[in-house]
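Quick one: the structure is below, questions incoming.
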Amino acid sequence: MTSADMGKAKSSSLYAPRKAIYPKEVEGEFRRIKWGLLAFTLSVYYLLPFVRWDRGPSAPSQAVLVDFPHRRFYFFFIEIWPQEVYYLTGLLILAALVLFLMNALAGRVWCGYLCPQTVWTDLYLAAERWIEGDARERARKDAGPRSTKIWREKIAKHALWLAIAWWTGGAWVLYFADAPTLVYKLATFQPGISEAYIWIGILTFTTYMLAGHMREQVCLYMCPWPRIQAALTDEYALNVTYRYDRGEPRMSLKQASALRLAGAPAGDCVDCGQCVAVCPTGVDIRKGASLGCVQCGLCIDACDAVMAKIGRSARLIAYDTQMNCERRGKGEAPVYKPLRARTIIYAALILAIGALMTLRLATREDAALSVLHDRNPLAVTLKDGSIRNAYTIRFANMSAEPRRFLLETSGVEDAEVEIVGVEPDAEGRMIVGVGADQTRETRVLVTWRGARRAKGQTPILFTSKELESDASVTMRDVFVTP
Amino acid sequence: MSTRQAHSDAARIDPHSKTRTTGHEWDGIEELDTPLPRWWVITFYATILWSIGYFIAYPALPTLSGGTQGLIGWHSRASVARDMEQLSEIRGPVLERLANAPLEEIEARPQLLSAVRALGAAAFANNCAGCHGAGAQGAKGYPNLNDDDWLWGGKLADIRRTIEHGVRWDADKETRSETMPAFGRDGMLDAKQISIVADQLRAMAKLPGGKASAQGAKLFDDNCSVCHGVDGKGNHDMGAPNLTDALWLFGSDKETIASRIANGGGGVMPAWKDRLDEPTIKALTIYVHTLGGGE
């Protein structure tokens, strides 16, 4: 840089073009783990809608199904109704805590191995390599003139990418309807499923764009997690780390052997750049922790291969902590502390919330009752001066059999209770029949006869007793006297 | 210009980041002129292009004679009409069952009842809540439809007739037209007599402070019993309120009662027959009947 440049800079361009990254293929331990997880996670995603689960005739027999029209969510043996959406809240809290715990133990392993962006980008890169060749070949082709062969390859690559994207969108919609039926309908262009086509279109486009074209830019610009995780990590968290205490100063292999022969210290890093060449986000791990590092460990594989060739021990780059690099630099022994206050707290919270949810699920009633007091008016005065309150009571039968519920009240003594549209039986009991897996809304009138009551609110309990099993649900409300 | 902010001539290359600065400096802190990512800029331009396309495709610009119509023929009114059509398609089966079922049977059929009540509640909110209140709780002069007191009857047929033809709604020939005479204004009773009748009525309704008298009883028999009945219990056919119960449409203090006797008249309700269709009137009838007061 000249002094003139330093003094007065030229006007910079409005935008910065993305620097193309050509990650090189690599083999090794972490690559194998990534292949395994890729196969596993994609299989789960693509095949799960086809897993069947018999719930009897009144409910769909798809193991995982989000049934928006009927407002139900099915997950194997669990069936969630809209009022139980707190299970979902619990799951989200659990997911966040597991992410925090993973981060405290081993950095951004989520990003490197399990994040959908990583998994699909990996798949796209594999497709790209298969058609266009490895990094150097692709860079050469992109730099040079376009030949017919290169055009053919490009078209084939994008067609394959779009096919994968289309399958991805197609699998997504299968979670919202009976999968085999929907596949048949989609394949035979049945009417009435235009929404499915629209969603497949949207997901095809986003998958193609995110995994094919945006790749590391999603992690750098769009994803909030790199920013958050920086606040959640600490000096004991295992991160993909360049052990600078061992690697520096960098020098050629020849120089290093000469120095070692002379008994002088020399760094192990030969500055071959393989760690950068294989990085899917184009990061130089030797510069230390960075926003772009998704901790996939591919640089470890690359570096290990080089270390094996030059006869030095493996893991110049490794899952290690900042703390240990400093300690080794000072001649102290490395320490590993997976049990720290934050990991213990995260684990305890995960266990507590998990236990709470399991308990809740195990003791879940398959009948529910909701009571809504009339707001306007809160109370009605009748001709003879008695006070009446009206309630909207909804009975939910969350089982696969039609059932009958007996409604009883307590708290307001001698109250007359009537349900609009329901005749009391011979013994004066009010019994409400509800179909399998259905709800029934009723209007309930509670009248307090006789002398005028004091103004205010009296607690009133509504109990719905299941006739055959005697299981009951009680809800509390108030009786208002004006 | 603030003395703290240097002039933009000071733009230079930052030696650490190798990036140009904008030349803005505050207390020694400089602003880097980092360029935007290209994809971001392209996205931004794409949104501008999209908006132009949108302007052309959809009705957008107002003109003196109305506005641009757009190329794809979309119109918000047509869109609403299509939505309404879809809605009536969804409601179709319910409306058909509603049309075919006699009023008296609907309440005994749980699924139909709940659908009809939902329809009725929506129609009530749109058409009736303005006077009778959101929960049909009524107001002074506007009956509460939740209680068991009815001016014109609380049977299904009575409610239906009131909705269809209204009350004292002159545009409808079959409307309920009976009206309380203005005993004071028209000179049938003088102020003293009105006061005595008011006391008499308050006594009949067992209101605190009511005073029964022989003269009051006679005045009641001569003037009021024709419509309100010898015992004051009212008459649905004439819309004459029951004067012995706890519920008073306009208020039960003596002044209000005296004013009602002196000036007569009564509430007005529009006829809905020509404004609402048959199923809606049926649904409203059921809805009002199931509020709790239905006879």
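Order of the sequence lines fixes the chain letters, A, B, ..., with proteins taken first and strands second; residue numbering starts at 1 for each chain. Because the structure is predicted, anything quoted here is derived from the model rather than measured. Below, each value reflects all heavy atoms present in this structure, side chains not excepted, and no hydrogens, waters or symmetry copies.
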Answer key: most heavy-atom pairs under 4.5 Å with chain A among B:N146, B:D14, B:D149 is B:N146
Under 4.5 Å to a heavy atom of chain B? For A:E418 that would be neither
Honestly, the part of B:L291 sitting under 4.5 Å from a heavy atom of chain A is both
Cut-off 4.5 Å, heavy atoms of chain B, and the answer for A:L382 is both
Note to self: Side chains of B:T290 and A:R443: any donor to acceptor distance under 3.5 Å?
What the structure shows: no
In this structure, is the centre-to-centre distance between the rings of A:Y221 and B:W39 below 6.0 Å? yes
Check: Are B:Q137 and A:N376 close enough that a side-chain donor and a side-chain acceptor fall under 3.5 Å?
Finding: yes
Next item on the list: Report the C-alpha distance between A:R388 and A:R449 in whole Å, list the side-chain angles of each, state the deciding distance to 0.1 Å, and finish with yes or no for side chain to side chain contact (heavy atoms under 4.5 Å, CB included).
Entry: CA-CA 8 Å; A:R388 189 176 65 204; A:R449 293 274 176 211; over 6 Å; no
Between A:Y391 and the options A:D477, A:I419, A:T442, the side-chain contact (heavy atoms from CB on, under 4.5 Å) test singles out A:D477
Determine whether more than 12 heavy atoms belonging to other residues, nucleotides or ligands lie under 6.0 Å from atom OH of B:Y54. no
Assert top hit (heavy-atom pairs under 4.5 Å, partner chain B, pool A:V420, A:V432, A:V422) equals A:V420
Comparing B:G138, B:S114, B:G135 against chain A, the one with the most heavy-atom pairs below 4.5 Å turns out to be B:G135
Under 4.5 Å to a heavy atom of chain A? For B:R117 that would be side chain
